[in-house]
**Student:** 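Below is one structure. I have some questions about it.
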Amino acid sequence: PIGAVCQGVAALLSLQNSKGEVLIRGRRVTGFSNSEERSTGLAAVVPFLLETELVSLGAGYSSGVDYTSYVIADDNLITGQNPASSEDVAKKILLLLKSNAYEPALPSALLN
C-alpha cells in the first residue's frame, strides 16, 4: 500500500507505474486543497498548489470540507486531505494489510 496525507501527497507527483506512466493519472486521490492553502495565507508563497498539480497530471482529485477528515482509497493508494485525515488513512492501510485481498510482493532476494 501507498499512503500519504496533506501536502505529503506531493511525493506522489513524480512517481511512475511499471509502464513509465504517471502513477496518479486516472487514480482517485485527495490532498491539501486549494481552499485550505488559501486559508493559510500562503497560496502565493508555495511553489505550487497541490490540488491544481494533481489535476494537471490527470488524477481524479476530490476534497471534503476544509480541515476535516477526508480519505480516498483507490486500490492500494490511500490519500488523506489534511492532518485531520491522518488517523483514518492509517486505519485504511491497516484494513488493507489485514484483508485477504492484499498480498505483498516479496523481493526475490527474500525468496531464495
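Both backbone and side-chain heavy atoms feed into the values below; hydrogens, waters and symmetry mates do not.
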**Student:** Taking T30 for the side chain and T79 for the main chain, is one N or O donor matched with an acceptor at less than 3.5 Å?
**Tutor:**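 No, T30 side chain to T79 backbone: no donor-acceptor pair under 3.5 Å.
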**Student:** What heavy-atom pair brings D66 and S33 nearest, and what distance separates the two atoms?
**Tutor:**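 For D66 versus S33, the nearest heavy atoms are OD1-OG, 3.5 Å.
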**Student:** Could you give the distance from OG1 (T68) to CD (Q81), rounded to the nearest 0.5 Å?
**Tutor:**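 Taking OG1 in T68 and CD in Q81, the distance rounds to 6.5 Å.
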**Student:** With S62, which residues qualify under side-chain hydrogen bond (donor to acceptor under 3.5 Å, both in side chains), at least two apart?
**Tutor:**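 For S62, the residues satisfying side-chain hydrogen bond (donor to acceptor under 3.5 Å, both in side chains) (neighbours in sequence not counted) are Y70.
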**Student:** Just to verify, what does L94 make a side chain to side chain contact (heavy atoms under 4.5 Å, CB included) with, not counting sequence neighbours?
**Tutor:**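 Not a single residue meets the side chain to side chain contact (heavy atoms under 4.5 Å, CB included) criterion with L94.
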**Student:** Looking at every heavy atom in both S69 and A84, which two are closest together, and how far apart are they?
**Tutor:**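 Looks like CB-O, 3.4 Å.
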**Student:** For S39, what residues pass the side-chain hydrogen bond (donor to acceptor under 3.5 Å, both in side chains) criterion, not counting sequence neighbours?
**Tutor:**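 Only Y67 meet the side-chain hydrogen bond (donor to acceptor under 3.5 Å, both in side chains) criterion with S39.
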**Student:** With clusters built from Ile, Leu, Val, Met, Phe, Trp and Tyr whose side-chain heavy atoms come within less than 4.5 Å, directly or transitively, what are the remaining members of the cluster of L95, listed by chain and number?
**Tutor:**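 In the cluster with L95 there is nothing else; it is isolated.
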**Student:** Would a hydrophobic clustering, with Ile, Leu, Val, Met, Phe, Trp and Tyr connected at side-chain separations under 4.5 Å, put I24 with V9?
**Tutor:**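 Per the 4.5 Å side-chain linkage, I24 and V9 are co-clustered.
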**Student:** Please list, chain by chain and in numerical order, all residues satisfying side-chain hydrogen bond (donor to acceptor under 3.5 Å, both in side chains) with S63, sequence neighbours excluded.
**Tutor:**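 Once residues adjacent in sequence are excluded, S63 has no partner under the side-chain hydrogen bond (donor to acceptor under 3.5 Å, both in side chains) criterion.
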**Student:** Can you list the residues that meet the side chain to side chain contact (heavy atoms under 4.5 Å, CB included) rule with A73, with sequence neighbours excluded?
**Tutor:**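 So A73 forms a side chain to side chain contact (heavy atoms under 4.5 Å, CB included) with I78, K92.
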**Student:** Check whether any side-chain heavy atom of L77 sits under 4.5 Å from a side-chain heavy atom of I2, and report yes or no.
**Tutor:**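 L77 vs I2: side chains touch.
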**Student:** Using the salt bridge (Lys or Arg N to Asp or Glu O under 4.0 Å) rule, collect all pairs that involve residues 10-30, keeping only residues at least two apart or in two chains.
**Tutor:**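 Passing the test, one end in residues 10-30: R27-D74.
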**Student:** Kindly say whether E53 contributes a backbone atom to a donor-acceptor pair with the side chain of Y61 at under 3.5 angstrom?
**Tutor:**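 Answer holds: no.
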**Student:** Within a 6.0 Å radius of atom CD on E87, are there more than 12 heavy atoms belonging to other residues, nucleotides or ligands?
**Tutor:**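 It does not: E87 CD has 12 such atoms or fewer within range.
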**Student:** Specify the closest pair of heavy atoms between I93 and G3, including all atoms of both residues, with the distance to one decimal.
**Tutor:**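 Distance-wise, the nearest heavy atoms are CD1-CA, 3.9 Å.
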**Student:** What residue pairs, at least two apart or across chains, pass salt bridge (Lys or Arg N to Asp or Glu O under 4.0 Å) with a residue in residues 32-41?
**Tutor:**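 Every candidate salt bridge (Lys or Arg N to Asp or Glu O under 4.0 Å) pair involving residues 32-41 fails, so no pair, neighbours aside, qualifies.
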**Student:** Verify side-chain contact (heavy atoms from CB on, under 4.5 Å) between L54 and L13, making sure each step is shown before the conclusion.
**Tutor:** CA-CA 7 Å; L54 290 166; L13 297 175; 3.6 Å; yes
**Student:** Specify the closest pair of heavy atoms between L96 and D75, including all atoms of both residues, with the distance to one decimal.
**Tutor:**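 So the minimum-distance heavy-atom pair works out to CD2-O, 4.2 Å.
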**Student:** For residues 41-52, run the donor-acceptor check on the side chains, cut-off 3.5 Å, and write out each pair with its distance to 0.1 Å, sequence neighbours left out.
**Tutor:**
residue, atom, partner, partner atom, Å
E51, OE1, N34, N, 2.8
T52, OG1, N34, ND2, 2.9

